[in-house]
Amino acid sequence: MSGPVPVAKSLADIYPNAALLTEGPRWNALLTTFAQVYGHNASFIARSPGRVNIIGEHIDYSLYSVLPMAITADAIMAVAATPTAEGASTFKVKISNVESSKFPASEFDVPLDGSLEIDATKFEWTNYFKSGLRGALELLRKKHGNGFRACNMEIMVDGTVPVGGGLSSSAAVVSTSALAVMYANGDHVVDKKELTELAIVSERAVGVNSGGMDQAASVFSEQGSALFVSFSPQLEARTVKLPPTNPELCFLIAQSFVTANKHVTGPIHYNLRVVEVSFAAVYLNAVLNPPGTELPEDAGPLGISLQGFHDTYFYHANASDYSAAKSLTKEEELEKLIAVTKETLTQEEGYTREEIAKVLNLSVPELESRFMSKIPVRADRFKLRQRALHVFTEALRVLKFYTLLERPLHTGASDTTLFNQELGRIMNDTQESCRVLYENSCPENDDICRIALRAGSYGSRQTGAGWGGCSVHLVSVNKVDDVKSALEREYFSKMRLTDEQKEQAMVVSKPAGGSALYMVN
Ligand code: NG1
Ligand code: MG
């Protein structure tokens, strides 16, 4: 399902009907503000949405498939481009935001060789633009040769994805930025896969060693469908229709208003998990695969992954087992890996550096330089058992969820209810696994999920990186009000929320479209 980023003819190509009433005026306002600030009209708008992850949490960087969907909230950028002057050694970028008090305008010169400094230690909103810009310039240079000259750009941004809310405002901005730079520089057919890969690598430049779910969801999604995204052997996205059920299902997104800042807490949260699952992969490889087996170099943040272990494990399954191993389904393979992980990684209390280094036949400094120099983390013990079990069981849940969605639904209310309950149960299991094994939930989101389930949600779970952020609830349309009022009564009413927060607290989201371009004429 690759191909070029679509050029939308109207906003109805992008947004579900209900959103058009507010999106039309918003797009017009973006163009008006552009003209006011820069004194002329923009020539095109680039757009990429935020996403909510339905299932498949913290497994994208282990290269297992995930199932997110794009939401209506997005980043839109109006752009005008002019060629750089003959003989100039830099090009100029002027970037403003419609919310100029919160996101101040900025102007900077970029050397034509694209060498642009990004200071990931400072939190500046334009860093996300810069990372998309730098990635796009690299790709343009690769395509058009070193003589490629980027043009000057004027940009006006409007983002509606709440920052730090778990809906991936970052991927929305990075993907939109990269798309805008590609198009402004004459690349009028921007390949979705190329754009996604570029956005994944670019976002790592801002300091988080993430997987590729957010960028894939942002770029590839199609209106009305969720997305099944695979990363191995290569990036691939397939749309999944949510089957028509009665009563109709929807996803309610609830904010906890606990803000998780990955850039600050990375060494003890997100980035630590990346290191832990990489340790689990090499540890399992050292114990279970034939001596000397190296894990294949792959697209995981550290160049190896649990998926890489998975593949080599079944490849090396000994001769007598091999034919049996070959005929296993993906689900059976994961079941087997869950069993061998339980037998192999027995230490509930975690593993020290010394213990891991010993099994890998490395010194502790060698271990640190291989795994912890690129991704600094702070921990004395690494919970390899729990983290690997989360990844394998979650990968299995994604496959089960996907299979259910693909299964033709028999008509009849009882079947529908059973189906909804089954989907919900899988989501609840994910929440439990995140809470207990991956330890990336937080008490507030655990509460929210309990309240929603009591009020009739089929399945409730924290979504996104966690340690705060938001949760997603599978609810039938006729239960939405019950769930909302329970959350209002038992959670939100106890907080002091601004008007803006009140508006964002609970949103029912229909799957929106992914990245798109829109020509202004
Ligand atoms: P969010 O929710 O955007 O912080 C992060 C990662 C994803 C994925 C999820 C957990 C980024 C940009 N994205 O998402 O790749 O690993 O956590 O499933 O950091
Ligand atoms: Mg993000």
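Order of appearance sets the numbers: ligands from 1, and atoms from 1 within every ligand.
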> Between Y270 and ligand 1, is there a nitrogen or oxygen pair with a distance under 3.5 Å?
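Yes; the residue has a nitrogen or oxygen that sits under 3.5 Å from a nitrogen or oxygen of the ligand.
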> In terms of atom number and element, which parts of ligand 1 are under 4.0 angstrom from non-hydrogen atoms of G464?
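Once the distances to G464 are compared, the set is 2 (O), 10 (C).
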> Go through ligand 1 atom by atom and flag the ones less than 4.0 Å from a non-hydrogen atom of G211.
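Atoms satisfying the 4.0 Å criterion: 15 (O).
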> For ligand 1, which is the ligand I care about here, please tell me if R51 has any N or O atom under 3.5 Å from one of the ligand's N or O atoms.
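Yes, R51 has an N/O under 3.5 Å of an N/O on ligand 1.
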> Does N97 reach the main-chain N or O of A105 with its side chain, forming a donor-acceptor pair under 3.5 Å?
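Such a contact is absent between N97 side chain and A105 backbone.
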> For ligand 1, which part of Q462 has a heavy atom less than 4.0 Å away: the side chain, the backbone, both, or neither?
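For Q462, there is no contact with ligand 1 at all, from either part.
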> What atoms of ligand 1 come within less than 4.0 Å of a heavy atom belonging to Y61?
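Listed by number with element: 16 (O).
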> Is there a nitrogen or oxygen of I59 sitting under 3.5 Å from a nitrogen or oxygen of ligand 1?
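No, no N or O pair falls under 3.5 Å.
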> Assert yes or no for the condition that the ring centre distance of F279 to Y283 is strictly below 6.0 Å.
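They do not qualify: ring centres at least 6.0 Å apart.
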> Under the 6.0 Å and 45° cation-pi test, does K336 pair with Y313?
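Judged by the rule, K336 and Y313 form no cation-pi pair.
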> Do the ring planes of H58 and Y438 sit parallel (below 30°), tilted (30 to 60°) or perpendicular (above 60°)?
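Because their plane-to-plane angle lies in the 30° to 60° range, the rings of H58 and Y438 count as tilted.
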> Output side-chain donor-acceptor pairs under 3.5 Å for residues 367-376, partner residues at least two apart or in another chain, one line each.
from	atom 1	to	atom 2	distance (Å)
E368	OE2	R353	NH1	2.8
S373	OG	S369	O	2.7
K374	NZ	P301	O	2.6

> Indicate, with yes or no, if the rings of Y270 and Y61 have centres closer together than 6.0 Å.
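Y270 vs Y61: aromatic centres under 6.0 Å.
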> Could you list which atoms of ligand 1 come closer than 4.0 Å to a heavy atom of E57?
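Counting from 1, the qualifying ligand atoms are 10 (C), 18 (O).
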> Relative to the heavy atoms of M213, which atoms of ligand 1 are at a distance of less than 4.0 Å?
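Answer, ordered by atom number: 8 (C), 9 (C), 18 (O).
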> Please report the interatomic distance CD(E236) to OG(S2), rounded to the nearest 0.5 Å.
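Taking CD in E236 and OG in S2, the distance rounds to 9.5 Å.
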> Please identify which atoms of ligand 1 are closer than 4.0 Å to at least one heavy atom of H58.
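Ligand 1 atoms under the 4.0 Å threshold to H58: 10 (C), 18 (O).
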> Closer than 4.0 Å to some heavy atom of S168 - which atoms of ligand 1 meet that?
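Listed by number with element, the hits are 3 (O).
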> At less than 4.0 angstrom from any non-hydrogen atom of D60, what atoms of ligand 1 do you find?
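That gives atoms 7 (C), 8 (C), 15 (O), 16 (O) of ligand 1.
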> I'd like to check the side chain to side chain contact (heavy atoms under 4.5 Å, CB included) partners of E500; sequence neighbours left out, ordered by chain and number.
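Residues passing side chain to side chain contact (heavy atoms under 4.5 Å, CB included) with E500: K102, T498, Q504.
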